[in-house]
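Atoms within each ligand, like the ligands themselves, are counted from 1 in listed order. All values reported here derive from a predicted model rather than from experimental measurement. For the single chain, residues carry numbers from 1 onward in sequence order.
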Amino acid sequence: MNILFACSELYPLIKTGGLADVAYNLPLALQRQGHAVRIVLPAYRSLLNNLSHLKAVGQITTTIQGYDVSLLKTNLKNTDIPVYLVHCPALFDRPGGPYGEYSGSGSGWEDNAQRFGLFCRIVTLIGVNRAGLDWQPDLVHCNDWHTGLVPLLLKVYKSRPKSLFTIHNLAYQGLFSKADFTALKLPEIVDNVRLWDFRAVEFYGKMSFIKAGIVFADTVNTVSRGYAQEVLTTKFGCGLHGLLRFIGQRFCGIGNGIDNNLWDPGNDHFIETLYGPSSLHRKIFNKLALQAEFHLPSNHERLLIGVVSRLTDQKGIDLILDALPLIMQQSLDLVVLGSGDKNIEQALLQAVRKYPGRLSVKLIYDERIAHLIIAGADALLIPSRYEPCGLTQMYAQRYGTVPVAHGVGGLADTIIDIPPYSEDIADATGVLFWEHSVNALFEALLRLEFVYGNLLLWRELQRAGMRENFSWDQSAKVYADLYQSLLPELM
Ligand code: ADP
Ligand code: GLC
């Protein structure tokens with residue numbers, strides 16, 4: 001099959017979260033299975049600065065939404081997979097993050113409707129082979145709200161590729177004003193539905209990009225089975241649970257995988273010492289290096305817990321802060337790597353002043369330190385309020401680092417909870433707490449400490465996690481089957 005993969009982030013060019021990792025690994029895994037994949041994303045300034053020898057390709061004859069646009073081409077790192085960059089200097093060549101002035105949270109660029117509206121139009125032109133590339137995809141795989149208008153715009157063409165819309169996070173919806181909607185000059189009626197209607201893109205008086213994707217795509221999925229169930233409820237559905245229920249069988253969950261080459265304790269140039277399931281004693285050197293990196297006292301016995309996370313409300317860092325007075329009574333230390341919300345950053349800095357030598361924080365985005373935490377910590381704490389899939393819990397398991405997580409979405413799907421205070425841990429791979437509360441988090445840590453206190457049991461738990469297979473090949477196969485189900489003529 002020919003697949004066009006449309007996304008707003010792509011590892012290692014531009015990344016704010018797991019979407020960038022998925023956008024790198026899924027196309028690669030699909031290619032391994034014999035599919036021809038091409039990727040398209042906006043040509044942000046930071047990305048242009050890091051790439052040389054960009055070639056202009058194709059031809060987009062008219063100005064789009066009044067802007068000059070061209071297509072540049074590069075390849076996915078270390079592969080021959082084509083990556084098209086939508087080059088529109090007025091909209092994408094500016095300092096800051098892909099969605100706003102700051103790459104963390106905060107308000108987005110004022111013209112985001114125009115920016116991603118234009119991006120969607122170009123993706124559509126490539127989709128219907130009208131961008132001068134002489135290439136026709138069978139399916140356009142759209143990701144998150146930034147690509148939400150693509151399924152809608154494709155519907156205008158009689159002969160068109162199929163579309164899949166993947167929801168990586170339902171809370172980010174791409175909501176804009178009626179004026180923004182009007183300025184986008186979309187067709188008034190698509191598929192016999194008036195666009196400015198609650199059955200189409202209108203959402204409580206606003207325009208919703210994500211709704212456009214859900215309503216008009218041939219099929220829709222999210223990134224774990226657990227989250228696919230959760231978003232059908234008011235608690236997790238972000239106002240869209242009714243619509244997701246309504247589309248029924250057209251919606252499913254497919255879990256993400258991880259990059260087993262990039263995340264491999266036996267071959268990771270970011271870490272201090274390489275190790276594997278039969279040399280877990282060597283992991284200790286990474287722990288010592290991690291303590292040194294975070295200026296914590298060197299101590300190979302004390303439980304060391306790590307956090308690697310965007311700092312947003314979703315990630316529940318406030319729960320860790322609330323639990324600190326209890327946690328810090330235990331014999332453990334905590335290192336946090338994260339960036340994002342300024343209030344959360346400030347609160348973390350304040351906590352560091354309260355618990356010097358026990359809690360250490362780096363408020364940056366740093367690949368190397370992320371690897372060192374995943375390798376050097378004994379456990380990784382993930383207290384997310386909700387988690388569509390989550391990748392770090394899978395990295396941790398591959399590194400014999402025990403995940404301790406809130407039992408939601410992809411976290412509950414990929415971690416097998418230890419039976420409480422038992423010497424028979426069976427197939428368990430981590431610790432889950434089911435209530436998002438200080439007490440539940442604290443109790444989970446007590447259960448963790450129980451196992452940590454018994455080296456044989458601890459090794460069993462570590463090795464069970466290391467045996468798990470989170471390879472992208474499995475998920476890519478499920479995606480390929482889903483594409484195929486929309487394209488019976490290619491069977
Ligand atoms: P989300 O996409 O919601 O942030 P995921 O767990 O799916 O959550 O993906 C997060 C990705 O970002 C992982 O690859 C993780 O290692 C990485 N990451 C998050 N924060 C940082 C950071 N401060 N430095 C380096 N990598 C980070
Ligand atoms: C989103 C979600 C995260 C998921 C990632 C990749 O950022 O928050 O849970 O793993 O997308 O699908």
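Only backbone heavy atoms of Ser309 (N, CA, C or O) come within less than 4.0 Å of ligand 1; its side chain stays farther off. The proximity of Leu19 to ligand 2, defined as any non-hydrogen pair under 4.0 Å, is limited to the backbone. Residue Asn256 touches ligand 2 through its side chain alone, judged by heavy-atom distances below 4.0 Å.
Of the polar atoms of Lys315, none of the N or O atoms is found under 3.5 Å from an N or O of ligand 2, judged by distance alone. Between Gly18 and ligand 1, at least one N/O pair is under 3.5 Å apart. Residue Arg310 has at least one N or O atom closer than 3.5 Å to an N or O atom of ligand 1. Ligand 1 has a nitrogen or oxygen under 3.5 angstrom from a nitrogen or oxygen of Lys15. Ligand 1 has an N or O atom lying under 3.5 Å from an N or O atom of Tyr395, backbone or side chain. Between Ser339 and ligand 1, not a single N/O pair is under 3.5 Å apart. For the pair Gly390 and ligand 2, the shortest N or O to N or O distance falls below 3.5 Å. Taking distance alone, with nitrogen or oxygen atoms compared against 3.5 Å, Ile364 approaches ligand 1 more closely than that limit. Close N/O approach between Leu391 and ligand 1 is found [any backbone or side-chain N/O within under 3.5 Å]. Residue Cys389 has at least one N or O atom closer than 3.5 Å to an N or O atom of ligand 2.
Between Tyr483 and His35, the gap from one ring centroid to the other reaches at least 6.0 Å. The distance between the ring centers of Tyr172 and Trp145 does not fall below 6.0 angstrom. Between Phe176 and Phe209, the ring center distance clears the sub-6.0 Å criterion.
Without hydrogens or angle criteria, Thr429 side chain to Ile416 main chain gives a donor-acceptor distance under 3.5 Å. Judged by distance alone, with hydrogens and angles left aside, the side-chain atoms of Lys362 form no donor-acceptor pair with the main-chain N or O of Ile369 at under 3.5 Å. Between the side chain of Ser224 and the backbone N or O of Pro388 there is at least one donor-acceptor pair closer than 3.5 Å.
If you check which protein heavy atom lies closest to atom 8 (O) of ligand 2, you get Gln314 NE2, 3.1 Å. The protein heavy-atom contact nearest to atom 9 (O) of ligand 2 is Glu387 OE2, 2.4 Å. For atom 26 (N) of ligand 1, the closest heavy atom belonging to the protein is Tyr365 CE1, 3.3 Å. For atom 1 (C) of ligand 2, the nearest protein heavy atom (residue, atom name, distance) is His168 O, 3.2 Å. With hydrogens left out, the protein atom closest to atom 24 (N) of ligand 1 is Asp366 N, 3.0 Å, a heavy atom.
The pair Arg398-Asp264 meets the salt-bridge criterion, since a charged nitrogen lies less than 4.0 angstrom from a carboxylate oxygen. Look at Asp481 and Lys477 and you find a salt bridge, because one of the NZ, NE, NH1 or NH2 atoms lies within 4.0 Å of a carboxylate O, short of that distance.
Taking every heavy atom of Thr392 and a limit of under 4.0 angstrom, the matching atoms of ligand 1 come to 6 (O), 15 (C), 16 (O). Residue Asp21 has at least one heavy-atom neighbour below 4.0 Å for each of these atoms of ligand 1: 11 (C), 13 (C), 14 (O). Each of the following atoms of ligand 1 lies closer than 4.0 Å to a heavy atom of Gly17: 2 (O), 4 (O).
Annotation: cation-pi pair Lys283/Tyr399 absent, no NZ/CZ under 6.0 Å from the ring centroid and within 45° of its normal.
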Query raised in the report: Can Gln314 and Asn169 be said to form a side-chain hydrogen bond (donor to acceptor under 3.5 Å, both in side chains), step by step?
Result: CA-CA 10 Å; Gln314 171 191 351; Asn169 193 332; 3.1 Å; yes

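Here the rule is side chain to side chain contact (heavy atoms under 4.5 Å, CB included) with Arg385, and of Leu319, Asp313, Thr312, Val408 only Asp313 fits it.
At a cut-off of 3.5 Å, with distance as the only test, no side-chain donor of Thr273 or Asn286 sits close to an acceptor on the other residue. No side-chain donor from either of Asn143 and Glu9 sits under 3.5 Å from a side-chain acceptor of the other.
Distances shorter than 4.0 angstrom occur between a heavy atom of Lys315 and an atom of ligand 1. Close to ligand 1: Gly338, with a non-hydrogen atom less than 4.0 angstrom away.
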